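Keep in mind it's a predicted model, so treat the numbers as computed, not measured. Each chain gets a letter, A, B and so on, in the order its sequence line appears, and its residues count up from 1.
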There are 2 protein chains.
Amino acid sequence: MTQTAPSSLALRIKQAGLRLTAPRRVILQVLDSADDHPDVEELHRRAQAIEPGISIATVYRTMNALAEHGLIERQRFDDGRTRYEAVPEEHHDHFIDVETGQVVEFRSDEIERLQQDIARAHGFEIVSHRLDIFVRRKR
Amino acid sequence: MTQTAPSSLALRIKQAGLRLTAPRRVILQVLDSADDHPDVEELHRRAQAIEPGISIATVYRTMNALAEHGLIERQRFDDGRTRYEAVPEEHHDHFIDVETGQVVEFRSDEIERLQQDIARAHGFEIVSHRLDIFVRRKR
DNA sequence: GTTACAACTGCGAATTAGTCGCATTAAAGA
DNA sequence: TCTTTAATGCGACTAATTCGCAGTTGTAAC
Ligand SMILES: [Mn+2]
Ligand SMILES: [Mn+2]
Ligand SMILES: [Zn+2]
Ligand SMILES: [Zn+2]
């Protein structure tokens with residue numbers, strides 16, 4: 001009998017005090033192995049491919065639970081759909097190609113630092129932020 | 001007979017080739033005099049206060065028309081609702097107080113420049129961007 | 001291993017924000 | 001003033017997400 005190693009999200013969901021149910025196991029596996037920014041429909045599609053019968057309502061509820069516990073990040077680019085990704089090792093921001101919809105991740109320590117400086121100057125402390133840069137390939 | 005000076009948006013909507021109708025006159029006045037980031041419900045409420053009978057569908061359609069012609073900016077902070085503001089003289093980004101919902105505008109030439117640099121390094125040219133910083137008052 | 005119970009699930013109905021078709025009105029240019 | 005056609009109000013519709021509920025199941029305690 002082969003046992004799959006628990007995904008990193010599977011471990012973290014338990015630490016968060018949430019139950020690791022069969023549907024969640026599948027959804028977490030999908031999230032763990034995703035290298036893009038899938039929306040709920042797409043997550044559901046991928047989860048169904050592994051284990052049919054999982055309800056889309058469960059995907060929605062699982063995303064909400066994971067987000068509340070800080071295990072995933074919600075991305076709302078400009079196409080309406082809410083997209084998700086497992087919280088990355090290191091924070092990053094996004095380029096969104098307006099022509100192709102392709103998303104490219106980047107990180108600028110300088111920008112991150114400047115945000116801190118500006119927030120401090122305003123008497124704020126940063127809870128989170130989002131920098132989406134809509135771009136077009138230069139030619 | 002008193003004549004109200006045409007609002008700056010009223011002038012610009014004509015230049016954009018759109019018709020300056022009675023409902024639009026009111027909606028534009030609301031937008032011009034807003035110093036916050038109202039959503040459609042709120043715009044409708046304010047427009048109704050000036051001139052009852054304006055349909056919310058018209059507010060939606062007017063926002064779409066104005067956005068298509070670059071006269072207003074759509075802001076989608078994290079509370080679901082889409083908010084609007086007249087395109088400002090000079091671009092700015094936003095702090096959103098997670099406790100009060102209050103929005104504070106700021107601008108950092110440094111951050112703006114860094115974005116250009118990073119985009120260029122990736123072979124992109126920037127179409128637009130959005131930097132939302134969710135904060136909490138420091139105490 | 002069995003038990004107990006709250007958390008979770010699937011389902012379909014409800015809600016919410018936004019769009020759309022259509023008949024009617026009214027800007028705006030001629 | 002006439003003509004054209006964009007814009008309006010209305011209510012129906014859609015898409016995304018939430019919710020109520022009855023049944024199931026993970027988990028911790030026996
Ligand atoms: Mn990402
Ligand atoms: Mn603003
Ligand atoms: Zn960042
Ligand atoms: Zn900016």
Side-chain angles (χ1 to χ4, degrees), chain A residues 3-4 6-7 9-31 37-45 47-48 50-69 71-72 74-84, chain B residues 6-7 9-31 37-45 47-48 50-69 71-72 74-84:
Chain A
Q3 193 70 34
T4 312
S7 75
L9 279 173
L11 294 174
R12 302 181 62 197
I13 204 173
K14 305 218 68 173
Q15 293 171 344
L18 297 170
R19 289 191 181 170
L20 184 51
T21 64
R24 284 184 178 173
R25 226 180 273 273
V26 174
I27 294 167
L28 296 182
Q29 181 194 326
V30 168
L31 279 170
H37 301 80
D39 61 14
V40 167
E41 294 269 348
E42 180 60 24
L43 289 168
H44 185 230
R45 208 172 295 125
Q48 292 272 29
I50 298 171
E51 178 67 31
I54 294 176
S55 163
I56 194 155
T58 295
V59 181
Y60 274 111
R61 281 188 284 227
T62 299
M63 291 305 106
N64 287 342
L66 293 175
E68 268 163 34
H69 290 271
L71 305 190
I72 56 172
R74 245 186 260 271
Q75 305 295 345
R76 302 180 217 236
F77 304 135
D78 263 354
D79 55 2
R81 295 165 292 189
T82 301
R83 298 160 167 285
Y84 296 90
Chain B
S7 75
L9 279 173
L11 294 173
R12 303 182 61 198
I13 205 174
K14 305 219 68 171
Q15 293 171 343
L18 298 170
R19 289 187 183 173
L20 184 51
T21 64
R24 284 185 177 173
R25 225 180 274 273
V26 174
I27 294 167
L28 296 181
Q29 183 194 325
V30 168
L31 279 169
H37 302 79
D39 61 14
V40 166
E41 293 270 349
E42 180 59 24
L43 289 168
H44 185 231
R45 207 172 296 124
Q48 292 271 29
I50 298 171
E51 177 68 33
I54 295 176
S55 163
I56 193 155
T58 295
V59 181
Y60 274 112
R61 282 188 282 228
T62 299
M63 292 305 107
N64 287 343
L66 292 175
E68 267 164 34
H69 290 270
L71 305 190
I72 55 171
R74 247 186 257 272
Q75 305 295 345
R76 300 178 218 238
F77 304 136
D78 263 354
D79 56 2
R81 294 163 295 189
T82 300
R83 299 161 167 284
Y84 297 89

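When the P atom of D/dA15 is taken as reference, atom CG of A/D39 falls 14 Å away, rounded to whole Å. Taking atom CD of A/Q15 as the reference point, atom C1' of D/dG26 lies 18 Å away to the nearest angstrom. The distance from atom NZ of B/K14 to atom P of D/dA7 is 11 Å, rounded to the nearest whole Å. Rounding to whole angstrom units, NE2 of residue A/H44 and C1' of D/dA15 are separated by 16 Å. Atom CD1 of B/I54 is separated from atom P of D/dG9 by 7 Å (rounded to the nearest Å). The distance from atom CG of B/L66 to atom P of D/dA7 is 10 Å, rounded to the nearest whole Å. At whole-Å resolution of the value, CZ in A/R74 and P in D/dA16 are 16 Å apart. Per the geometry, CD belonging to A/E42 stands 18 Å off C1' belonging to D/dT17, to the nearest Å.
Across residues 56-64 of chain B, B/A57, B/Y60, B/R61, B/N64 each have a non-hydrogen atom less than 4.0 Å from an atom of DNA chain C (numbered order).
Taking CZ from A/R12 and NE2 from A/H69, the interatomic distance works out to 12.0 Å, rounded to the nearest 0.5 Å.
Between A/R19 and A/E41, it is A/E41 whose nearest contact on DNA chain D lies nearer the 5' terminus.
Across A/N64, A/V59, A/T58, a single residue satisfies side-chain contact (heavy atoms from CB on, under 4.5 Å) together with A/T62, and that is A/T58.
Nucleotides of DNA chain C lying under 4.0 Å from heavy atoms of chain A occupy a range whose first and last members, 5' to 3', are C/dA6 to C/dC11.
Among the protein residues, B/G80 comes within range of no part of the nucleic acid, since none of its heavy atoms lies under 4.0 Å from any strand.
In this structure, the helix from C/dG1-D/dC30 to C/dA30-D/dT1 shows an angle of 50° between the axis at its start and the axis at its end, each fitted on 5 base pairs and rounded to 10°.
Residues satisfying the side chain to side chain donor-acceptor pair (under 3.5 Å) test with B/R61, not counting sequence neighbours, are none. When the side chain to side chain contact (heavy atoms under 4.5 Å, CB included) test is applied to A/A67, the partners found at least two apart in sequence or on another chain are A/I72, A/R74. In this view, B/E51 and B/V26, B/I54 satisfy the side chain to side chain contact (heavy atoms under 4.5 Å, CB included) rule, not counting sequence neighbours.
A/T82 has a side-chain polar atom (N or O) that falls below the 4.0 Å cut-off from OP1 or OP2 of D/dT17.
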